[in-house]
Amino acid sequence: QVQLVESGGGLVLPGGSLRLSCATSARTFSRYAKGWFRQAPGKEREFVAAIGWTGGNTVYADSVKGRFTISRDNAKNTVDLQMNSLRPEDTAVYYCAASRGFIATRSPREYDYWGQGTQVTVSS
């Protein structure tokens with residue numbers, strides 16, 4: 001059973017930064033693509049960022065490009081999302097997901113396992 005556990009969410013002022021981390025339980029999943037998605041109240045879940053298994057292939061949503069950075073440490077089986085210049089519209093529950101594919105992808109249908117989510121609130 002693969003488990004993903006997110007951490008690092010919280011309340012931050014506009015313009016501030018947060019770093020989310022996702023730990024996976026199964027070592028074998030270190031070889032597959034990982035992604036971050038988010039869901040704001042009353043909205044559908046949307047893609048944020050994804051990273052291929054080597055770490056050299058990354059994809060970002062246009063809304064976060066240049067502000068967010070996804071990275072992974074396969075030795076520790078973790079994937080992080082560094083979020084800078086946060087805006088109120090970034091407020092959402094952020095979910096980590098693991099795919100059985102090797103290439104970073106935007107489609108949630110490509111991800112088989114999901115974490116429980118961590119709340120990020122950007123507000124003054």
Side-chain angles (χ1 to χ4, degrees):
Q1 182 76 19
V2 175
Q3 292 183 329
L4 298 93
V5 179
E6 303 95 337
S7 62
L11 173 64
V12 64
L13 293 171
S17 298
L18 279 176
R19 188 176 184 89
L20 306 183
S21 186
C22 175
T24 60
S25 61
R27 181 181 298 181
T28 54
F29 265 71
S30 70
R31 303 182 66 181
Y32 297 101
K34 303 290 196 308
W36 285 95
F37 293 76
R38 67 187 182 186
Q39 187 167 19
K43 295 187 177 181
E44 294 186 354
R45 190 172 297 188
E46 65 173 358
F47 168 76
V48 176
I51 187 166
W53 81 275
T54 65
N57 165 227
T58 57
V59 180
Y60 295 93
D62 289 343
S63 59
V64 306
K65 199 173 295 183
R67 299 188 298 123
F68 291 11
T69 302
I70 188 170
S71 61
R72 66 188 294 160
D73 185 333
N74 285 346
K76 296 181 180 179
N77 219 18
T78 58
V79 57
D80 292 350
L81 184 69
Q82 177 66 43
M83 305 185 296
N84 299 329
S85 302
L86 282 161
R87 305 166 180 169
E89 53 264 39
D90 294 318
T91 296
V93 177
Y94 283 70
Y95 297 90
C96 175
S99 168
R100 289 190 177 272
F102 298 114
I103 305 300
T105 176
R106 300 171 181 266
S107 173
R109 294 188 296 273
E110 299 295 325
Y111 293 86
D112 297 293
Y113 297 93
W114 295 80
Q116 293 299 306
T118 185
Q119 177 70 46
V120 172
T121 302
V122 185
S123 175
S124 56

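- When atom types are taken as modelled, the side chain of R106 and the backbone of Y60 share a donor-acceptor pair closer than 3.5 angstrom.
- Dense packing is recorded around CD of Q119, with more than 12 heavy atoms of other residues, nucleotides or ligands lying under 6.0 Å away.
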Exercise for the section: Would you check, one step at a time, whether the test side chain to side chain contact (heavy atoms under 4.5 Å, CB included) holds for R38 with S63? Expected result: CA-CA 12 Å; R38 67 187 182 186; S63 59; 3.5 Å; yes

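- Side-chain contact between P88 and P14 is present, with at least one heavy-atom pair separated by less than 4.5 Å.
- Under the 4.5 Å side-chain criterion, counting only non-hydrogen atoms from C-beta, W114 is not in contact with C96.
- The aromatic rings of F68 and Y94 are tilted relative to each other, their planes meeting at an angle between 30° and 60°.
- Using a 4.5 Å heavy-atom cutoff, the side chains of L86 and L18 are in contact.
- Cation-pi contact between R72 and W53: absent, since separation from the ring centre below 6.0 Å together with deviation from the ring axis within 45° is not met.
- The one candidate from Y32, Y113, Y111 that meets the side-chain hydrogen bond (donor to acceptor under 3.5 Å, both in side chains) condition with R100 is Y113.
- Aromatic rings from F47 and W36 are positioned such that their centres are separated by 6.0 Å or more.
- Side-chain N/O atoms of S71 and D80 include no donor and acceptor closer than 3.5 Å.
- Contact check for V120 versus M83: side-chain heavy atoms found under the 4.5 Å cut-off.
- In the displayed structure, E44 atom CD is contacted under 6.0 Å by at most 12 heavy atoms of other residues, nucleotides or ligands.
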Practice task
Give the C-alpha distance, both sets of side-chain angles, the deciding distance and a yes or no for side chain to side chain contact (heavy atoms under 4.5 Å, CB included) between Q82 and S17.
Solution key: CA-CA 8 Å; Q82 177 66 43; S17 298; 4.0 Å; yes

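- Judged purely by atom type and a 3.5 angstrom limit, N57 uses its side chain to pair as donor or acceptor with the backbone of A104.
- Using a 4.0 Å cut-off between charged side-chain N and carboxylate O, K65 and D62 make a salt bridge.
- A distance-only check finds no donor-acceptor pair linking the side chain of N77 to the backbone of N74 [under 3.5 Å].
- Residues T24 and T78 have side chains not in contact (no heavy-atom distance under 4.5 Å, counting atoms from C-beta outward).
- Counting only heavy atoms from C-beta outward, the side chains of Y95 and Q39 approach each other to under 4.5 Å.
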